[in-house]
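Naming convention: chains lettered A, B, ... in sequence-line order (proteins, then strands); numbering from 1 in each chain.
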2 protein chains.
Amino acid sequence: MPIDIPEVVIERLPVYARALALLATDGHAVISSQDLGAELGVTPAQIRKDLSYFGKFGKQGRGYNVRKLLDELYQILGLNREWSMALIGTGRLGRAILEYQGFGPQGFRFAAAFDADPASVGEMIGDLPIGDVANLEAALLNQPADVGIVAVPASEAQAVIDTLVRCGVKAILNYAPIAARHPADVHLRQIDPVLALQSMTYYLKRLPRATAP
Amino acid sequence: MPIDIPEVVIERLPVYARALALLATDGHAVISSQDLGAELGVTPAQIRKDLSYFGKFGKQGRGYNVRKLLDELYQILGLNREWSMALIGTGRLGRAILEYQGFGPQGFRFAAAFDADPASVGEMIGDLPIGDVANLEAALLNQPADVGIVAVPASEAQAVIDTLVRCGVKAILNYAPIAARHPADVHLRQIDPVLALQSMTYYLKRLPRATAP
DNA sequence: TTCTGTGAACGGATTCACAGCA
DNA sequence: TGCTGTGAATCCGTTCACAGAA
């Protein structure tokens, strides 16, 4: 298993896994790179090349056993275990993230929550107590989390991320609209709907039709 | 202004704009590609090359006038106007999106909301009435939206996206966890925190330290 | 025959490096 | 001297095309 696998490849694997999971529940036993690619809007060669970084999972002339390939991807991605997450920021956004039903079924569990507002600290959200962000470092050193979820205001986000990094957290999902600085060995993903919209308006602007005011 | 500007370039422009806006409010009048790059974790050459697709905005020996470059980027991206959005899906996620405070200040306004649940249809969220998703097509043809925001369950998302496409919506922000099929002239961005997490676990799995069970 | 796995070819984005202007 | 703008060189991911297994 080579060490220099392009990050784009790693980012596509969960997409494949999700599609395969769907195929499995639909009762498909086997699928070709051709058909999987059509499903996902990806070229068959892309899929085969991506998978070839990790091994040979298909059968020539047949395709891939859906169940087997799915298991392999789960193994590769580490999805066959539970991952603990610490949420920092329990305002509107933070609470929405906590209540989002998509994480649990995929094995991502909130283990702790923190906020800076004294009015919130001590409060319970479900069965999760809100801790003081001032104690974030101590709390994390005592009970580490695999992933940090940052949902604080933009002005506070870099400081929170620095703290997470200092505590050894190696994966951060940042909802704050900032370009956060972080060491190369810490993985950071940005959830940024406004940036997504702002890049699409470039193309909208160049279209003939316009919305009525 | 060439037509074949790489999409990655377009996606970086809002990042530059955001940083410049911050610099402007901080009172910085001028910035070099060097300093802006350091701020954003991007190489100076990258910034200069990106901007060169659109014109010459800097002064040799000095750098870029922050205010002027920001104005140019707003012009290029079409951020100096308001864009209307239609939200489809007003469940937990949809309501959180509606209440998110980040869209308004950037000129993105919710013009309509739709749901399939008869119990929700007719209800008001703030000053926005929830329409029946069965009437989505008619409503959009009557009052077009610039952007569609999809926050329905995964099983319904492709159908909703198909409808938006049929109504001429050319920009879609999809929160549903599916790899949606869409025509090349329709721009689609995916907000998918679970995928983001699932690609980071690949790297976490390969680290020595593990969380206590 | 069908479809995988993969080296080779290709294409496109990033980086380099420098001419040129303030 | 300092920094932009940009062709050229480089790097890297994608696609091609085919040998080989079922």
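End-to-end axis angle of the helix from C/dT1-D/dA22 to C/dA22-D/dT1, using five pairs per end and rounding to 10°, comes to 10°.
One atom, CG of B/Asp50, and another, P of C/dG12, lie 17 Å apart when rounded to the nearest Å. Rounded to an integer number of Å, the gap from CD of A/Glu7 to C1' of D/dT14 is 17 Å. Here the P atom of nucleotide D/dT4 and the CG atom of B/Leu51 are 10 Å apart, to the nearest Å. Between the NZ atom of B/Lys68 and the P atom of D/dT4 there is a distance of 13 Å, given to the nearest Å. Put simply, CG on A/Leu36 is 14 Å from P on C/dC3, counting in whole angstrom units. Nucleotide D/dT15 holds its C1' atom 14 Å from the CD atom of A/Gln34, rounded to whole Å. Here C/dT4 presents its C1' atom at 17 Å from CZ of A/Phe54, a figure rounded to the nearest Å. The CZ atom of B/Phe57 sits 18 Å away from the C1' atom of C/dC21 (whole-angstrom rounding).
Formation of a donor-acceptor pair under 3.5 Å by the A/Thr201 side chain with backbone atoms of B/Gly78 is not found in this model. Looking at B/Lys170, its side chain never comes within 3.5 Å of a backbone N or O of A/Tyr203 through a donor-acceptor pair. With hydrogens and angles ignored, the 3.5 Å screen pairs a side-chain donor or acceptor of A/Gln190 with a backbone N or O of A/Ala176. The main-chain N or O of A/Lys68 is found under 3.5 Å from a side-chain atom of A/Asn65 such that the two form a donor-acceptor pair.
For the pair A/Thr43 and D/dT15, the criterion of a side-chain N or O lying under 4.0 Å from OP1 or OP2 is met. Using a 4.0 Å cut-off, no side-chain N or O of B/Arg62 falls inside it from OP1 or OP2 of D/dG5. One finds no side-chain N or O of A/Ser32 lying less than 4.0 angstrom from the OP1 or OP2 phosphate oxygen of C/dC3. Side-chain nitrogen and oxygen atoms of A/Tyr64 include none within less than 4.0 Å of the OP1 or OP2 phosphate oxygen of D/dA22. Considering only side-chain N and O atoms, A/Lys56 lies under 4.0 angstrom from the phosphate OP1 or OP2 of C/dT6.
By the neighbour-count criterion of 12 heavy atoms within 6.0 Å, atom CZ of B/Arg181 is densely surrounded, having more than that number from other residues, nucleotides or ligands. Summarising the local packing, CZ of A/Arg166 is surrounded by more than 12 heavy atoms from other residues, nucleotides or ligands at distances under 6.0 Å. The number of heavy-atom neighbours closer than 6.0 Å to CZ of B/Arg95, taken from other residues, nucleotides and ligands shown, is above 12. Other residues, nucleotides and ligands contribute over 12 non-hydrogen atoms within 6.0 Å of the CZ atom of B/Arg189.
Contact annotation: the side chain of A/Asp115 never approaches that of A/Val133 to less than 4.5 Å [non-hydrogen atoms, C-beta and beyond]. Taking 4.5 Å as the limit, every side-chain heavy atom of A/Leu188 sits out of range of all side-chain heavy atoms of A/Leu173.
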What protein N or O atoms touch nucleotides 18-20 of chain D N or O atoms at under 3.5 angstrom, if any, and at what distances?
unit_1: D/dG20; atom_1: N2; unit_2: A/Gln60; atom_2: NE2; d: 3.0
unit_1: D/dG20; atom_1: N3; unit_2: A/Gln60; atom_2: NE2; d: 3.4

Might you list the N or O atoms of the protein lying below 3.5 Å from N or O atoms in nucleotides 7-10 of chain C, with each pair's distance?
unit_1: C/dG7; atom_1: N7; unit_2: A/Lys49; atom_2: NZ; d: 3.4

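In this structure, CD1 in A/Ile31 is found 5.0 Å from CG in A/Leu36, a value given to the nearest 0.5 Å.
The nucleotide whose nearest atom lies closest to any side-chain atom of B/Gln46 is, among C/dT14, D/dG5, C/dT4, C/dT14.
Both cation-pi conditions hold for A/Arg206 and A/Tyr202: the charged atom is under 6.0 angstrom from the six-membered ring centre and inside a 45 degree cone around its axis.
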